[in-house]
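Below: one structure, written as structure tokens.
So you know, we letter chains A, B, ... as the sequences are listed, proteins then strands, and number each from 1.
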Amino acid sequence: MKIALVGNPNVGKSTVFNALTGSNQQVGNWAGKTVERKTGIIRRDNLDIELVDLPGTYSLTAYTQEEIVTRQYILREKPDVVMAMVDASNIERNLYLVLQILELAPRVVIGLNMMDLAKSSGIILNATELAKALNVSVVEIVAAKGIGIDKFLSEAVRVGLLQKDPLVHQVPYPSELEEKIRAMENLLKDTSWASLYPLRWLALKRLERDPEIGQEWQSVSAPESSKDKKRDSCCDSGDALNYKLKKIIELPGNDLLRSYEEEGWTRDHFEMAFADAKYNYISQILPRFLTQEDLRKPSLTDSLDRWILSPIWGYPIMILVLALVFWASFIASAPLGEAVSQGMALAADFLVNLLQWSHAPTFLMSLVRDGIFAGVGAVLAFVPQIAIFFAFFSFLQDSGYLARAAFLGDRLMQLMGLHGKSFFSLVSSFGCNVPGIMATRTLEDPKDRLITMLLNPLIPCVPRLGVMSAVVAAFFPGTRGAMIMLSLLLISMLLVMISALFMRRVVDQRERSAFVMELPLYHLPTLRNVLWPTWHKTYTFLKRAWTFILAASVVVWLLSSFPQGVPMDSTWAGKMGEWLEFIGKPLGFDWKIMVAIVFGFTAKETTLSTLGILYGVAADASQSIAQAMTGAMSPLKAYTFLVVYMLYIPCLASVVTTYKESGSLRWTAFGIAYNLILSFIIGWIIFHGGQALGFQ
Amino acid sequence: MERSLGELKPGERACVARINGGGALRRRMMDMGIVPGVELEVVRCAPMGGPLQIRLKGYYLAMRRGECAKIVVSGEQRVAIKHTLASR
């Protein structure tokens, strides 16, 4: 049996899903979409149930990826039952989605959640009356406490096993509209579509000129061409046939639509009228199951928002929250990272000893210790920090604060033509670009998502900031250092802003995407809802990146240790640096800097240790390496290096993440090229501008 | 008296008369429950021309000023608006 879990965002869908499936779930992406796909297998009463958690959505139209995924699943996979989660504190808008689901699939069970929140804002709901009004089973649940979830599922199973589809009360449309729907139904009822979809729904969507319907029509009635394509897949003749068919097919009802349009019934008009009728119907049945008490006391969300969204206090509070998150994830967690490094070092030692004992060649031992374990360890040491950050991210998102941060940060994002939700992604990037890029998933518009993703690497992350501050401290001691650091951050922010406007053109984002965002009621997330996504995100990151990191570590090791037994400058890496010197020369970089820059690709924090080796400083401390640099460079060169280093290339982990999140090799390559070119151009301007102004 | 939603001051309430413009934005507003006849309340505005916090149907919504300008509201409070479909 197939069961789909559907509902608005923030209704506690994932809580119910996690409670029902436990650890027995699979998380992936929907084909061709960056929308998470979560499925789980449940066994109950000798019945194998596949439960699918569909993305949170407000409607079943075809405007956002979430809507398309949800709708296509219900249409094509035809689940036996739909479990519709409904937020009792926000019943009208939630029922709007339920009505749309009912038009598509009659086997629906409603899970009425957040009754406690509703009660605190003076709303009392009668579940039995709601069930009667819609003729749909309703189960009251308290998802956060695990109450009623089992009953919700067993009710869904019961409805799924019914012999006949239950008779659902149809939304009554005004008679003027009902006539038009019936006329369309008459035209469509003999087509092949009618066997695939509910007729009434089909007529409604046809009147709305739903773009998805047109596409589906073609794939439905052109099965021969697709078969042909399969048969002789060697040649491209299938396409021509397909094109021909496309031309022949005229969707039924075009004439009718045209005549309606002449009467003033445009697509927008229909959409509005249907939505209107649904809301009207809801407000008609509402008094049957809802009683509203007037509460004098403001709700918890009201009182919290008074501070959190206050024009004066909102920003200091946000800075405090972000500071706490950053401190806990990237500074307080440092011992954990060190423990990972030490663990890796111990494991490397053990393996090397084992190799020694078995008389393995020295280069193999060097590969294990200096190549694999050193390289992979450098990235792994950062995993605890990413994991802690993900935990905070889940907490902030679930509690409702993330939407508030988007509200507060939206003004700044508006300047760059971005969405308010980009704000948190960009801020996260100061910690680490990987979670920053992964946080772009909260954005609905794919183009906004891509733009934000491409901007992220321009923001210096904690490891980069660490290297930068060590170099700054060595070259510019005292208060001058703080000013230099500040100027670097300003350059980064300025470039993010300019690049945002540039990327909009490249990505061809013409429309400003709508900023119509729900500010959910505050609530305390359950531990499971925080820990489960944290584990999953960290695991995904590791699974995605480990092969690349391993390969890159081996390559770096190969380049820097062959031919064997020669000084660093005659290894392949040294040769490469000399070869690349022509790029660095206009910026005043010698080959050593170029080598360090190339190797910084695996993990940015290794740049200093590479420079340490090249400058012949044995000490591990970053301070002493930076001190050694002062002898070899002028402050202006160092500043140029800092700017280029800050911007030049996203590290390997973030490149892999960008690729997986965008799903496009082209855009990933574009991002890398953009960063490289931009950093060297800015470096050139600074170096030559500085020289012209008489700096050294 | 008709105004745009963006002209309302914090604490003021009004009913939606119509939504100007079309396409995805209008659809989105409808999905969020902004349809003619619905009562909206501007709760607060973010500083420096930032978005507005709006209460409707018992929940909160954030919307930019540009989007609010497309929503025409009538000043009366809680007037039963008779829905005549052709009037839009």
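By the 4.5 Å heavy-atom criterion applied to side chains, A:F515 and B:E67 are counted as neighbours. Proximity of B:Y59 to A:E518: side-chain heavy atoms (C-beta onward) are separated by under 4.5 Å at one or more points.
Interface check for chain A: of the options B:K57, B:M48, B:R55, the most heavy-atom pairs under 4.5 Å are formed by B:K57. Ranked by heavy-atom pairs shorter than 4.5 Å toward chain A, the options B:G58, B:C68, B:G33 are led by B:G33. The most heavy-atom pairs under 4.5 Å with chain B, out of A:L97, A:D305, A:T301, come from A:D305. Contacts with chain A were tallied for B:G66, B:G50, B:P51; B:P51 has the most, counting heavy-atom pairs under 4.5 Å.
Using a 4.5 Å cut-off between heavy atoms, B:C45 touches chain A through its backbone atoms (N, CA, C, O) alone. Heavy atoms of A:Y96 lying under 4.5 Å from chain B belong exclusively to its side chain. Proximity to chain A (any heavy atom under 4.5 Å) is shown, for B:L56, by neither the backbone nor the side chain. With a threshold of 4.5 angstrom between heavy atoms, A:T61 approaches chain B through side-chain atoms but not through N, CA, C or O. Proximity to chain B (any heavy atom under 4.5 Å) is shown, for A:R267, by neither the backbone nor the side chain.
From B:I34, atom CD1 reaches atom CZ of A:R93 across 10.5 Å, with rounding to the nearest 0.5 Å.
Residues B:G49 and A:Q414 approach most closely at O-OE1, 4.1 Å, considering heavy atoms. The two residues A:L309 and B:R44 have their closest heavy-atom pair at O-CD, 3.5 Å. Residue B:M29 comes nearest to A:V516 through the heavy atom pair CG-CG2, 4.5 Å, listed as atom of the first residue, atom of the second, then distance. The nearest pair of heavy atoms linking B:R64 to A:G420 is NH2-N, 3.8 Å.
Here the side chain of B:R27 pairs no donor or acceptor atom with the backbone of A:E271 at under 3.5 angstrom. Put simply, the side chain of A:Y279 gets close to the backbone of B:M30: a donor and an acceptor are under 3.5 Å apart.
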TODO: Evaluate the criterion side chain to side chain contact (heavy atoms under 4.5 Å, CB included) for residue pair B:Y60 and A:D302; output intermediate values, then yes/no.
DONE: CA-CA 10 Å; B:Y60 298 95; A:D302 272 331; 2.3 Å; yes
TODO: For the pair B:V35 and A:K278, evaluate side chain to side chain contact (heavy atoms under 4.5 Å, CB included) and give the outcome as yes or no after the intermediate values.
DONE: CA-CA 10 Å; B:V35 287; A:K278 285 197 185 88; over 6 Å; no
Task: Full working for side chain to side chain contact (heavy atoms under 4.5 Å, CB included) between B:V43 and A:R306 - done: CA-CA 10 Å; B:V43 181; A:R306 190 157 298 158; over 6 Å; no
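Heavy-atom neighbours of chain B within the stretch residues 403-410 of chain A, taken at a separation under 4.5 angstrom, comprise A:F407, A:D410.
A 6.0 Å sphere centred on CD of A:E178 holds more than 12 heavy atoms belonging to other residues, nucleotides or ligands.
A salt bridge is defined here as a Lys NZ or Arg NE, NH1 or NH2 lying under 4.0 Å from an Asp or Glu carboxylate O, and A:E67 with B:R28 fails to meet this definition.
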